[in-house]
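Residue numbering restarts at 1 for every chain, and letters A, B, ... go by the order of the sequence lines.
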2 protein chains.
Amino acid sequence: MRPTVHDIAAAAGVSLATVDRVLNQRPGVRRITREKVETAIRQIGYVRDVAAANLAKGRTYPLGFILPASDNSFMHGLNAEIREAMIRSPAERTSIRTVEVAAFDPAALVAALEKLADERPAGIALVAIDAPEVVAAVDKLVAVGIPVVTLVSDLTGSRRHHYAGIDNIAAGRTAARLLGRFLGDAEGEVAVLAGSMLVRDHRERLEGFAALMAQEFPKLSVLPVLEGRDDPELAHMLVADALAKHERVIGVYSLGAGNRGLIRALKAKASCRNLTVVAHELTVHTRAALIDGTIDAILNQNAGHEVRSAIRVLKAKADGLAVIDAQERIRLDIFLKDNLP
Amino acid sequence: MRPTVHDIAAAAGVSLATVDRVLNQRPGVRRITREKVETAIRQIGYVRDVAAANLAKGRTYPLGFILPASDNSFMHGLNAEIREAMIRSPAERTSIRTVEVAAFDPAALVAALEKLADERPAGIALVAIDAPEVVAAVDKLVAVGIPVVTLVSDLTGSRRHHYAGIDNIAAGRTAARLLGRFLGDAEGEVAVLAGSMLVRDHRERLEGFAALMAQEFPKLSVLPVLEGRDDPELAHMLVADALAKHERVIGVYSLGAGNRGLIRALKAKASCRNLTVVAHELTVHTRAALIDGTIDAILNQNAGHEVRSAIRVLKAKADGLAVIDAQERIRLDIFLKDNLP
DNA sequence: CTGTTAGCGCTTTCAT
DNA sequence: ATGAAAGCGCTAACAG
């Protein structure tokens, strides 16, 4: 039988209450008593039963999610995953609140962050915007002891506890290699569609993409990035325009959202051009385009995994517990038409 | 506050014990009483607190893992992941036992299965061999109420509760498309190295590979499969031999384990041939080969995910609980040198 | 500073 | 067939 608080109380010659105080690092224990208890814990090899502790505490985890109010399939999917998690809330002792803020607006994000913090949640997850004021706001939360996890887009330089998202530089490089290899040794131009250079994930994807292209595929030249603000309409306009202007485009990398518009533009040109296309995020639209051959490969981050991971990590951090690192690493999914889920 | 057994006892006008009997479908409750309780449960919207139940029961989950005694990196990795899970056992209330059986030997597997079953574990995970006697043995376990999960290689036609592994047909097709696209429109032969056609996962990968090759890349002809029994030495011999015999080989697909030998054979030919290579399973050896360019892409199944998933599913099935399907779907990882973890 | 005691939500004897 | 009461491992008043 696994040792319990009773065992260490007996071994240390103290009461349960004292053991509990030591276990939870509460004050009111003489140094010498505390040491006795700690020795007993170590010697007996005690590991606390978190479930029992949570039961006794009636602990629940109020969690806040802050998301951009973007009307694209990826964000809809992320929202859906959070709703799924809400359904599981009773079993996981969480209570999740989501807050939508204007996209690409650091001030709005900071305001939402501060407002949420006032409710003193057990943890906060946010899709970060890479701006100094956001870093400051996040660091303030961390300072007052609220666990913070960035979701999808990271906030380097901040003291956030964890990032639940993919390595975006690697994603960009992977896109470049895929495009480069698929194009064989053809020569031409490559168009790049992004959402906004304000968010770190998009910047990093572009950076990785451009770097590998320059380094390994010198026959392909990368055109200036188009910023579609993750908006299907704008994306459509920009891509259609670019394809019309640049005759020599043979490849396209779409590293943001709003792919509905991109696909429409591609299909319009399909008859006269043979384009190799790599896009991000698996949605109903990109899935259909992959199957019908408009898109050649999709890079994806699993929103469900990201949400579940963020929740696990926030809970663990709230309790000062360890996480399984490998389980929390968000992998870059690569989908060809053959391995769609 | 979430409703508890007390609430439904009060609502139904019965005692806790009776509520518990209904909840756990134990006998000794009049039909009419049972119905009263069930109505109350439904009306109040009660959901049982599994953690509290497990605490009261002192429940633990004795789990058995049956693995082939193969000396290759993939199996070593799988073993390591199981050991990791053993470390977490106290927290997860599991106690895990692993059994090694001779590889590719149905009779040995059946014997191990029956022996393990005698210990009446809460669940069994096995790397299946696709043979009728194994199906029969698994079905017997299921019949006596032991949850069974196949790991890595499935056992279709059996009544196993779940398969924790990748879609191997899709994996084969993906390998084919990657190889085909990377080779552009070059013409030539493709060599295929497998472990054994006795295991379903290898057969399915080959099937998917050959089908897509025939269908979409007619310029590439697939040579007869080489069976290396997941053994590095044998694999080396077979591949070296094939490369020597067939001048026109321009691509290689290694769908099994034992890649150490394959890589050695490839490097020997590297100076005079330019081969495009897709292999399965990320190990120290394949990783190094991917980085140095000997291998072009690696298809992988995440052993850690598979093991954690198998454990989650076995526990859930043992309690008759639901699982999060998306979480238990094992994805096919595709690694290029740019997105290595 | 330390100990006693009741109780978290559920299960399990043991009576009735 | 049903209920009362004790207890799983831990925490939290409240006393002392």
Any side-chain heavy-atom pair from [X] and [Y] closer than 4.5 angstrom?
X        : Y        : answer
A:Arg200 : A:Thr156 : yes
A:Ser153 : A:Asp130 : no
B:Arg30  : B:Arg34  : no
A:Val148 : A:His162 : no

Residues A:Lys315 and A:Glu92 bridged, charged N to O under 4.0 Å: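 Salt bridge absent between A:Lys315 and A:Glu92.
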
Sugar-phosphate, base or nothing in reach of A:Val19, heavy atoms under 4.0 Å: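 Nothing, no heavy atom under 4.0 Å.
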
Under 4.0 Å protein heavy-atom contact, by nucleotide of nucleotides 8-16 of chain C - B base, S sugar-phosphate only: BBBBB----

Within 45° cone of A:Tyr163 ring axis and under 6.0 Å: A:Arg160 NZ or CZ: no

Salt bridge (Lys or Arg N to Asp or Glu O under 4.0 Å) assessment of B:Glu114 paired with B:Lys140: CA-CA 9 Å; B:Glu114 286 170 350; B:Lys140 207 154 67 186; 3.6 Å; yes

Polar side-chain atom of A:Arg2 near backbone of B:Pro90 as donor-acceptor pair, under 3.5 Å: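 It does hold such a pair.
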
Bounds of contact between DNA chain D and chain A, in 5' to 3' order, using a heavy-atom cut-off under 4.0 Å: D:dG9 to D:dA12

